[in-house]
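Naming: A, B, ... by sequence-line order, numbering from 1 per chain. Given the structure is predicted, the values throughout are model-derived calculations rather than measurements.
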Amino acid sequence: MSRSEIMNAPVLEARNVSKTFVTGSHEVKALDTLNLSASKGECLAIVGESGSGKTTFANMLLGIYPPTTGEFFLDGMLLPARRNLVLRRTIQLVQQNPLSSLNPRRTVGASLRLALDVHSIGDRPGRSLRVGALLEEVGLPAEYAQRYPSALSGGQRQRIAIARALACEPEILVLDEPTSALDVLVQARVLRLLDELRHRRNLTYVFISHDLAVVRNIADCVAVFERGKLVEQARTQNLFSNPAHAYTRSLISAIPIVTDEEDELRRTMMEPRHAH
Amino acid sequence: MSKPILSIDDLKLTFKIYGNQVDVLHGISLHIAHGEKVALVGESGSGKSVTARIILGLLQELTAARISGSLQFEGVDLEKLSRRDRRALRGTRMSMIFQDPTSSLNPVYPINTQFYDVLRRGNAKISVKDARMRALSLLEDVSIPEPERVLDSYSFQMSGGMNQRVMIAMALANEPSLLIADEPGTALDVTVQAQTLHLMRDLVERRGTSVLFISHNLGVVREFADRVYVIYRGRIVEQAPTRELFHNPGHAYTKALMAAVPRITGGGIPDLPADNKHFEDPMVDRFREDVQ
């Protein structure tokens with residue numbers, strides 16, 4: 001039995017969530033009656049191509065804008081459209097491009113410190129120590145607090161973005177394409193860090209990605225979005241050994257792969273199944 | 001074997017910025033045979049894109065760039081050509097596809113106008129009507145369903161995948177002998193990327209165009225290229241035929257790159273050793289050519 005099955009109560013739930021954007025007389029249904037849940041300590045991946053509604057989902061979960069219909073629940077409690085400080089602290093975001101999500105005029109230390117100040121975490125003198133501890137937790141030396149984001153590499157900046165999210169001691173981390181701007185070697189290290197942090201802090205991840213190969217190796221379960229609709233949801237292993245939806249199969253078959261074993265998996269996956 | 005279309009020998013590049021010298025390329029050598037699809041793969045900052053820009057002669061315009069080494073294209077020493085002759089090669093004998101198709105196309109003019117400009121580079125006397133006919137057939141070659149409509153559209157009216165097909169059609173319009181593709185699918189969704197690459201591969205194979213394919217994505221390289229050069233910090237660290245490279249990577253850096261790619265068969269996220277002193281090891285050359 002896996003750890004996620006033991007802790008089965010969903011920490012996060014979306015019930016019948018829809019979002020329609022209206023521009024003039026034009027209506028765009030970005031998300032259509034979506035039902036999703038994630039258990040405590042689990043990594044739920046949301047995959048799909050651009051325009052599938054992944055980021056719309058994340059934005060509503062974070063309370064940036066409300067759903068047109070439907071609700072989100074956190075630990076069984078309804079999440080209101082307007083979030084108070086405590087709720088905002090509970091769900092944190094790591095964006096794709098750390099260069100645009102970190103303030104270039106603030107040192108790394110000041111960015112982390114701000115998160116601690118806003119949410120009054122720890123006592124004032126203790127906060128500088130906490131900044132150092134956060135940096136070390138994401139694998140950077142504490143002295144980096146003095147640096148500006150421009151003096152860091154892409155991977156280091158993303159570590160800072162992760163540390164800033166962790167500063168708020170969240171329960172849920174929304175990761176919106178956290179490694180797609182990184183080189184493959186750096187990506188592997190950041191993904192490993194994310195995996196370690198999740199286990200150490202018992203965090204729940206909502207991991208948004210278009211890269212199914214990454215998702216295969218980090219997520220416990222996967223939700224596949226296509227043009228605002230949830231077309232398939234499964235445990236990661238099942239999704240890859242037996243994808244049910246044609247769109248999922250086309251996504252898996254389009255990933256550039258590097259080994260013959262993967263070719264083989266794809267071949268068996270694509271074979272038409274006779275029995276239903 | 002025939003003479004290579006392109007051969008680069010000991011190419012070095014240094015940028016001089018505010019009195020500081022930054023060495024970008026430390027003497028790279030590579031060659032591309034007739035009709036061969038060669039990939040140059042490496043991480044950001046390794047020198048992939050500057051190499052492409054030097055071949056096209058774009059970087060030479062920069063006063064901060066110090067370039068040495070030899071570049072032979074179709075048997076001609078590129079550095080000996082006048083600027084005018086060199087300019088005449090671009091878009092005719094050698095052409096390039098960039099990463100982001102939508103920003104490579106001019107949003108102010110419809111596709112038709114831009115196609116005409118491209119075709120006029122190859123044939124200055126081509127009539128507007130002939131150019132349109134030719135553009136239509138080129139767009140059909142890249143499987144664009146309604147070429148008439150696309151020709152009269154602007155780039156912002158079309159999807160990224162459609163724009164990239166238009167770019168491919170334009171790049172091949174004057175039947176270049178060398179196509180340089182710099183991360184051609186990176187800005188596209190995976191399914192669109194896969195389609196576009198297949199299409200491009202079929203097209204260049206049919207026409208016998210040589211390709212220098214620049215990418216950071218090993219999976220894409222595996223699907224597309226015949227032979228691969230791996231570049232790390234301005235040095236080529238390994239070259240091998242694609243199959244051989246993927247079955248049996250020789251250099252420590254290539255091995256690390258390969259290990260870092262997540263697999264759809266699972267296996268978790270690789271634990272890469274922090275130590276990378278072997279990345280600077282001498283080049284592993286596993287290309288055996290019958291030079292007669």
Hey, is the main chain of Ile269(B) close enough, under 3.5 Å, to the side chain of Arg192(A) for a donor-acceptor pair?
-> yes
Given a strict heavy-atom distance threshold of 4.5 Å, which part of Asp211(A) is in contact with chain B: side chain, backbone, both, or neither?
-> neither
Partner chain B: residue of Leu191(A), Leu212(A), Thr236(A) with the largest heavy-atom pair count (under 4.5 Å) = Leu191(A)
For atom CD of Gln146(A), decide whether the heavy atoms of other residues, nucleotides or ligands shown that lie under 6.0 angstrom number more than 12.
-> no
Would Val184(A) and His216(B) satisfy side-chain contact (heavy atoms from CB on, under 4.5 Å), going step by step from the backbone distance to the final call?
-> CA-CA 8 Å; Val184(A) 60; His216(B) 70 281; 6.0 Å; no
Heavy-atom side-chain contact between Ile264(B) and Ile252(A) under 4.5 Å | yes
Quick one: what part of Gln187(A) sits under 4.5 Å from any heavy atom of chain B, side chain, backbone, both or neither?
-> side chain
Going by the ring-ring contact (aromatic ring centres under 6.0 Å, His included) test, which pairs reach into residues 231-261 of chain B, not counting sequence neighbours?
-> Tyr232(B)-Tyr253(B), Tyr232(B)-Phe279(B), Tyr253(B)-Phe279(B)
Tightest non-hydrogen contact, residues Pro256(A) and Gly219(B), listed as CB-C, 3.4 Å
Give a yes or no on whether Gln237(A) atom CD has more than 12 heavy-atom contacts from other residues, nucleotides or ligands under 6.0 Å away.
-> no
Heavy-atom contact with chain B under 4.5 Å, split by part of Leu265(A) = side chain
Looking at Ile218(A), Val258(A), Asp195(A), which has the largest count of heavy-atom pairs under 4.5 Å with chain B?
-> Val258(A)
Expected contact set for residues 156-164 of chain B against chain A at heavy-atom separation under 4.5 Å reads none
Got a sec: does the CZ of Arg227(A) have more than 12 other heavy atoms crowding it under 6.0 Å?
-> no
Exercise: identify the closest heavy-atom pair between Glu49(A) and Val192(B) = OE2-N, 4.3 Å
Grab the two heavy atoms, one from Ala260(B) and one from Leu185(A), that are nearest each other, plus how far apart they are.
-> CB-CD2, 3.8 Å
So, for Asp183(A) and Ser44(B), which heavy atoms are closest and what is the spacing to 0.1 Å?
-> OD2-OG, 2.6 Å
Option in Val190(B), Asn217(B), Thr191(B) with maximal non-hydrogen atom pairs under 4.5 Å from chain A = Thr191(B)
Heavy-atom neighbours of Arg207(B) CZ exceed 12 at 6.0 Å | yes
If you look at every heavy atom in Arg216(A) and Thr265(B), which pair is closest and at what distance?
-> NH2-O, 3.5 Å
So what's closer than 4.5 Å to chain A heavy atoms on Glu43(B): side chain, backbone, both or neither?
-> both
Pairing of Asp263(A) and Arg222(B) as salt bridge, 4.0 angstrom limit = yes
Within 6.0 Å of CZ in Arg200(A), more than 12 heavy atoms from elsewhere | yes
Of Ile257(A), Thr259(A), Ile255(A), the residue whose pairing with Arg263(B) passes side chain to side chain contact (heavy atoms under 4.5 Å, CB included) = Thr259(A)
